[in-house]
Structure formats: C-alpha cells, structure tokens
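Report on the structure given below.
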Amino acid sequence: MQNYFFVVSQRIVRVLELAGGVMDEMASQSGPRKEIANNHCSEFMQLIKDIQFALREEIKSACEYRPFEKCDYVPRISNEICYKKLEYVIAQLDEMKQTMEGYRNAA
Amino acid sequence: MDGDIEISIDKLPIKRLDAIEENGTERFPSDVDYDEKRLNLIRRIDFGWAVEREDRSKKRKSEGTTSANESTTTNQHTGQWQSLVENLQFAQQELSVIIDLINTVQANDAVTVAGMTRPKQLPNELLSDLAVSTATKLQCFWHLGKYFKQSAAALEKQVAREARFYGALIRLQQNWKVKRHRLVAAASGNAGFFIDLFYNTLYDTSVSLRPSSMSTIPIEHDAAGMLAVNVPPNSCRSLRFEFLGSHSANNVRRSGETNMHAFSEDSSTETNKEHANDDECVRKTHSLLREVHRAIFDEQVFELVSREACNSSLSVNLTGIQENYLRLSINQGASVSISLLLSSQDNKTDIVSGTNSSETETIPSELSDWSKFREGKDNVKKLGFPNRISFEIYLQQLFHEYVFVRAKDKTSSSFRSLISGQQSKDNLNILDHFCMSLAHSIFSNKVLSELESLVCRTPYVQLISHPTWHSRTSSWTLSMKVPQSILHVGSQILSSGISNVKNVRSQFWSKVVVIDESISVEGVGDLNVVGLFNGKPESICPINRYECDLADLPIILLQQVASQVIQWLHEEALTVGIKVTRDFLSLAFELDHGEIASLVAHVDPEDTRGCISWWLMMDDGITENHKLHPDLSIGESESRKFLGHLSLDVLYSTLLDFVNLCSC
C-alpha cells in the first residue's frame with residue numbers, strides 16, 4: 001500500500017526546490033539561462049500534475065470509503081483463540097514426546 | 001487735470017436681453033471675458049487729456065526749436081508711449097490675475113489644477129529609472145529564490161519527521177481502527193489520534209457491552225517524533241478458569257503469555273535510526289494492541305458470564321462472587337472459579353498466606369520434577385478433571401461464537417441446537433451449556449477410566465474412542481475380534497468337507513455412549529460378508545440397548561462381552577457340527593452318554609488377573625446343578641473345574657476338543 005502522504009510531500013518539496021531554482025536563474029546577473037529555466041518549469045508543471053492526480057485519487061477513494069466497514073476485530077479474536085488452542089496442542093504433543101522419551105529411557 | 005470729473009455708471013451686472021426674435025428666442029449679449037472686462041474698464045478711463053497735453057508740449061517743443069527732427073521724435077515718442085502703455089496694461093492684467101489667484105488660495109477655495117503634462121523625460125533619465133527598477137526586481141527574485149529553497153529544506157525535514165509518524169500510523173491503520181478527536185487536536189499540540197479497540201455487539205441489545213476504559217488508546221509522539229502508544233502497566237487482565245482444589249497438575253504455565261508491559265517503556269528510549277527500528281517499533285506497538293484487545297475481550301466474556309450466572313438457571317450454581325471472581329459448583333461435585341487476573345499475577349510464584357487467596361494462586365514453578373508431575377496427573381485422573389486450559393479456551397470460544405460471530409451470521413442453526421438442546425426459545429444460556437459440558441467431561445473421564453481398567457484386564461477386547469464433535473456426548477467401543485488364526489482354522493475345517501456353510505461372526509462390538517451424564521450401552525454383532533448375502537434372520541444379531549449407572553457399567557459390559565464370546569463359540573460349534581445349546585453365559589455340549597458339559601463364563605470386575613474367567617461344569621443329567629450360577633464358594637469339585645482366564649485361541653481349541661468327545 002503506497003504511502004501517499006510521503007510521496008506527495010516529497011513532490012511538494014521538489015516543486016518548491018524547482019521554484020527556488022527558477023527564481024535563482026531569474027535573479028542571476030547575466031540573465032536566466034533559458035534551457036535550465038525551461039527544464040525546471042516543465043518539471044514543475046509535471047509534478048503539479050502528478051500531485052493533483054494523486055490527490056484526486058485519494059479524494060475519490062475517500063469518498064467511497066465507508067469507515068471501518070471491514071473491521072476485522074471479531075476474526076482477530078477468533079485468531080487469538082486459535083492461537084491459544086495451538087499453544088495448548090503443542091504443549092500436549094510435547095508432553096507426549098516427554099512420555100515417550102521417559103519410557104524409552106526406562107526401557 | 002482739468003475739466004470736470006465725469007462719472008460713468010456701470011450697468012448692473014444683470015443679463016440684459018439683447019434682442020428677441022419673433023419666435024421667442026432671446027438673444028443675450030455674449031459673455032465678456034474677464035480680461036476683456038478689465039480692458040474695457042481701462043479703456044473707459046479717458047487718458048485723452050493727458051495725451052493731448054503731451055502732444056501740445058511736444059508740438060510746442062518741436063515747433064519752438066527745431067522743426068524737422070523734433071517732429072519725428074515726437075512721432076517716435078508717441079509710438080513708444082503707446083507700446084509702453086500697452087505693455088503696462090498687459091503687466092497689470094497678469095498681476096491682477098496673480099493677485100486674485102493668491103487671494104483665492106488664501107481664502108481656501110478649491111483650486112483645480114488642470115492636468116499638467118509631464119515634461120518628456122530625457123533618455124538618460126529613462127534608462128536610470130529602468131536600471132533601478134530592474135535591480136529591485138532582481139533583488140526580489142533572489143530573495144524569493146532563497147525563500148523557496150529554505151522552505152523546501154524545512155518542509156523536507158518536517159516531512160521526514162512526520163513521515164515516520166504517519167508511516168507507522170498507516171501501518172497500524174491496516175489492522176486497527178484509527179480515529180481522531182478534532183477538538184483534542186485543536187486544543188493540545190497533539191494530532192488527536194487514538195485507536196479504538198471496541199467492537200459493539202449490535203445484534204442483541206441485551207448483550208450490549210459498555211466500552212471499557214482501555215478501549216480508546218491515545219497515540220502520542222515520543223521524544224524523537226515517532227509514534228508511541230502508552231498503556232498503563234497492570235491494566236490488562238486475562239480470563240482464568242480453574243478447578244478449585246487441584247492446583248498442582250493443572251496449572252501449567254502458559255508459554256504464550258509474555259509480559260507485554262515492557263514495551264510501553266521501550267518506546268521512550270527509541271533512537272532515531274533507520275527502518276529496522278521503525279519496524280520494531282510498529283511491531284511492538286502492534287503486539288501491545290493485540291494484548292489490550294484480547295484483555296478487553298476477556299473482560300467482556302467475564303461480564304457476560306457474570307450476567308448469566310446471576311440470572312439463575314438450571315445447572316449453574318453460583319456459590320461465590322467477588323470483584324473479578326466467580327465461583328460455581330458443577331454437578332459432579334466439582335467447584336470451579338472464573339476470574340479476571342492481571343497478567344503479572346499469572347507468573348508469580350510466591351505463596352499468599354491467608355484464607356482469601358482468590359486473586360493469586362500458587363503455581364509450582366518446578367515442573368521438571370517428573371514424578372510429582374505424574375502423581376498430580378494421576379490424581380487428576382481419579383477426580384476426573386479435564387485440563388483446565390482446554391475449558392478456559394472453550395469458554396472463550398463459546399462466548400465469542402455466540403455473542404460476536406453470531407451477530408453477523410444468523411443462520412448458524414447448528415450452533416443454536418448445540419446450545420439450546422431442549423430449549424426452543426431464543427434465550428440461549430451459554431454458561432448452562434458450558435457447565436453441562438464440564439460436568440459431562442468429568443463424568444466421561446470417570447467412565448473412560450473404568451473402561452480402561454476393564455480393557456486392560458481383558459486381552460482380547462480393544463477400546464476404541466470415537467470423536468463425537470459434540471461437547472456433551474462421548475462414545476467408545478469395546479471391540480472383540482476373532483484372531484486371524486482361528487478364522488483360518490475355521491475356514492480349513494469348513495472347506496474340508498462340511499457343506500454347511502454357516503455364517504460366523506468375526507467381530508463383536510459393544511458400544512458405550514454417554515450423553516450428558518447418562519450412559520447407554522449397546523451390543524452389536526458384526527457379520528461376515530457372506531452372511532450379508534444370505535440374509536437369514538437368525539444371522540442378524542439382535543441389538544440390545546439399555547441405560548445404566550456408572551457403578552453397574554463394568555459388570556454390564558463384562559457380561560455383554562462374555563455373552564458375545566459364548567455366542568461366537570456357539571456359532572463355531574454349530575459350524576463344526578457339535579450339538580450345543582447356549583444360555584446367557586454358558587454353553588452346554590451334549591456328550592456321548594447324555595452327559596452335558598458346560599462352559600460357563602464368570603465375570604468379575606474386581607479381579608486383577610482378568611475380568612472374565614471360565615469354568616467347566618459337568619452334568620450327568622441326574623444331579624441338580626446350578627449351571628447358570630457358579631458359586632465360587634463351593635469351589636472346585638468333581639462337577640466343576642476352574643479353567644482360568646482363557647484367551648480366544650484356547651477357547652477355540654477347547655471347543656475343537658469337544659468335537660472328539662461329542663457325538664456328531
């Protein structure tokens with residue numbers, strides 16, 4: 001499951017860096033280097049599009065999300081009970097093994 | 001100045017009609033300009049006299065002295081004088097305008113300044129302005145660039161910090177319900193997240209449970225900004241089921257109960273490292289939540305048990321009640337306790353002195369002592385107590401299935417029939433069912449031990465257990481199989497000449513079924529395959545079934561087994577052609593001279609050497625003889641001989657011996 005929060009935040013950080021880069025280019029004494037500025041700007045626009053897409057997906061799924069519809073607390077307790085049963089059975093098997101070894105040693 | 005003063009009177013400054021035309025339009029004189037008005041006023045002043053005087057004087061001068069020169073200069077002087085006058089007039093006008101303006105300004109009248117066109121800038125001025133604004137813009141850009149980069153760096157750090165928290169939160173959210181208090185979030189600095197561990201049983205309002213105080217667990221940040229969950233220690237209790245009076249063997253320490261409370265302390269020492277630490281943290285939190293979730297369930301089960309116990313019912317006898325402790329007495333004379341213990345108390349090994357030791361139990365820590373362990377187990381066997389852990393789990397499972405799972409699945413009719421039994425109403429009493437299962441288990445253990453002791457001493461009988469998948473029913477089979485050796489011999493005899501192929505059973509069963517606490521015994525005989533095809537009515541063994549007590553069980557079973565042996569011998573005898581008659585526990589052979597030799601079975605459950613022993617009785621037909629009831633006190637005599645505890649082989653060969661003795 002993708003960690004959307006992290007991915008989108010990283011993109012926002014990158015977007016800010018690009019904006020800063022473009023501003024630096026514009027502020028340079030010899031004028032902006034067109035190539036670099038263009039690259040930055042196109043990457044900026046692409047990232048904004050990606051962010052928008054990701055957020056839209058999240059919003060769509062959030063609208064469809066019925067909170068705690070698939071709550072699995074009840075099966076979880078079933079699991080815990082099964083776990084206890086397994087523990088018990090393993091203990092019994094260990095006892096049986098001990099008994100066998102006891103007899104083997106005695107014999 | 002000569003002459004009279006002339007007075008001229010201004011006209012009143014009223015608009016006077018200049019003319020009026022025929023169609024009624026009025027014509028007014030056009031407005032006179034301000035300057036023109038002044039000019040007109042000045043013109044009205046007659047400077048003629050002054051001018052004439054000047055002219056006269058100039059004429060006299062020019063006529064008097066010179067004639068030609070002075071006339072031109074007089075003319076010149078006249079021209080200059082006129083222009084001078086004009087210039088003075090203009091100057092005066094301008095001055096008067098200026099004075100008016102000043103007066104107006106002084107009087108604070110609104111002065112409208114007509115638009116002034118900016119004087120066109122010179123190129124160098126333009127360029128310098130441009131340079132300044134460009135430099136300012138560049139400066140702004142540079143500041144902006146720096147601002148963006150700083151923001152990016154700060155955001156990255158913040159994101160990294162929060163990402164740990166939210167990454168862990170998302171992982172927890174996959175398994176648990178994460179909710180958020182908006183008000184708390186606004187009030188404190190915390191984000192207000194918490195985990196909700198409560199699951200409401202919506203099915204039955206009478207079964208609704210209150211959320212415990214533990215069911216909302218706040219999520220906090222620890223020192224490093226990572227997710228931390230703190231559960232107060234000693235808040236998790238677990239359900240414990242125990243038999244009172246038999247601590248020693250049943251309280252095996254459970255290996256699965258690790259102490260979870262160490263985890264809440266660990267989170268504070270978390271250092272900000274890589275993923276491995278984060279994984280560890282999430283896993284520990286997850287384990288902690290599991291523990292709390294299970295504890296909540298145990299509390300709910302205890303609550304439900306208490307409710308049912310207090311609501312009096314058929315087989316549940318509540319004999320003691322305390323906080324977190326219930327004592328019930330079960331039919332079979334056992335007393336059990338259901339309690340909620342803190343997890344830490346489970347592992348304690350110290351002994352609490354005093355009478356009221358309900359909360360802490362003495363648990364032997366040394367289980368490596370083998371003999372003590374075995375002894376404990378044997379005691380348990382005598383008392384018939386089943387393993388307490390299995391019933392603890394059963395209690396939890398019953399309540400879980402009924403209360404929680406059933407809420408979703410309403411068609412679990414099999415389960416309803418399991419619990420309700422004879423009750424057809426909806427009010428299913430789980431604790432009743434549990435107690436009855438417990439009573440049944442104890443009882444059937446006693447039955448089993450009886451059966452085992454019987455079978456131990458009867459070598460040709462096997463004990464087979466049958467799983468019934470029902471907690472209040474148990475069933476066993478005592479099976480007696482004719483050994484293969486005898487079957488071979490039998491078939492040899494059969495094939496050697498006797499045409500009468502009769503059906504001989506080779507397997508006999510006695511079935512013991514225990515339902516709740518009543519025993520029923522069935523005797524079944526199994527046919528050979530050949531017999532099935534013949535379908536003769538006498539070859540089908542009648543099935544006896546009857547109920548009995550535990551006390552009578554051994555003797556009834558032994559009698560059944562013995563009669564099955566007799567039956568088998570009877571059939572075998574018939575197969576080989578001996579004339580025999582059978583009674584309940586004896587087989588009578590008709591010998592050559594009218595004598596009757598009987599093989600009589602004697603059952604004794606207390607006999608340690610074997611349960612079924614055989615006697616041979618001779619009856620010459622004359623003397624009275626109690627064939628059916630061999631009295632041991634009489635002992636052996638001429639007419640009766642004790643044969644001992646015979647195996648089936650020996651019995652069969654004995655039978656074959658009779659072939660020689662009998663008239664065929």
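Source: prediction; values computed, not measured. Chain letters run A, B, ... following the sequence lines, proteins first and then strands; every chain starts at 1.
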Apply the test side-chain contact (heavy atoms from CB on, under 4.5 Å) to residues A:I77 and B:Q396: give CA-CA distance (whole Å), side-chain angles for both, the deciding distance (0.1 Å), then the verdict. CA-CA 10 Å; A:I77 294 290; B:Q396 287 175 320; over 6 Å; no
Bottom line for A:S28: the part with an atom under 4.5 Å from chain B's heavy atoms is backbone
Minimal non-hydrogen separation, A:K85 against B:I393, with atom names: CG-CG2, 3.6 Å
NZ/NE/NH1/NH2 to OD/OE distance under 4.0 Å, B:K149 and A:D24: yes
Backbone N or O of A:V74 within a donor-acceptor pair of the B:H400 side chain at under 3.5 Å? yes
Grab the two heavy atoms, one from B:A152 and one from A:L16, that are nearest each other, plus how far apart they are. CB-CB, 3.7 Å
In terms of heavy-atom pairs under 4.5 Å, which option from A:E17, A:E25, A:R14 contacts chain B the most? A:E17
Against chain A, work out which of B:R294, B:Q139, B:H293, B:K179 has the most heavy-atom pairs shorter than 4.5 Å and name it. B:H293
In the structure I gave you, are the side-chain heavy atoms of A:K84 and B:E392 within less than 4.5 Å of one another anywhere? yes
Here the gap from B:S390 atom OG to A:Q92 atom CD, rounded to the nearest 0.5 Å, amounts to 8.0 Å
Using the side chain to side chain contact (heavy atoms under 4.5 Å, CB included) rule, pick out the option among B:F148, B:Y147, B:W142 that qualifies with A:M23. B:F148
Do NZ/NE/NH1/NH2 and the carboxylate oxygens of A:E80 and B:R290 come within less than 4.0 Å? yes
Go through the atoms of B:E162 and report whether side chain, backbone, both or neither lie under 4.5 Å from a heavy atom of chain A. both
For B:R161, I'd like to know if atom CZ has over 12 heavy atoms of other residues, nucleotides or ligands within 6.0 Å. no
Could you state the interatomic distance from OG (A:S78) to CZ (B:F297), rounded to the nearest 0.5 Å? 8.0 Å
Under 3.5 Å, side chain of A:Y73 to main-chain N/O of B:K177, donor-acceptor pair present? yes
Run the side-chain contact (heavy atoms from CB on, under 4.5 Å) test on A:I81 and B:Y394 for me, step by step, so that the C-alpha distance in whole Å, both residues' side-chain angles and the decisive distance to 0.1 Å come before the verdict. CA-CA 9 Å; A:I81 293 177; B:Y394 189 51; over 6 Å; no
Which atoms of B:N175 approach chain A - backbone, side chain, both or neither, heavy atom under 4.5 Å: both
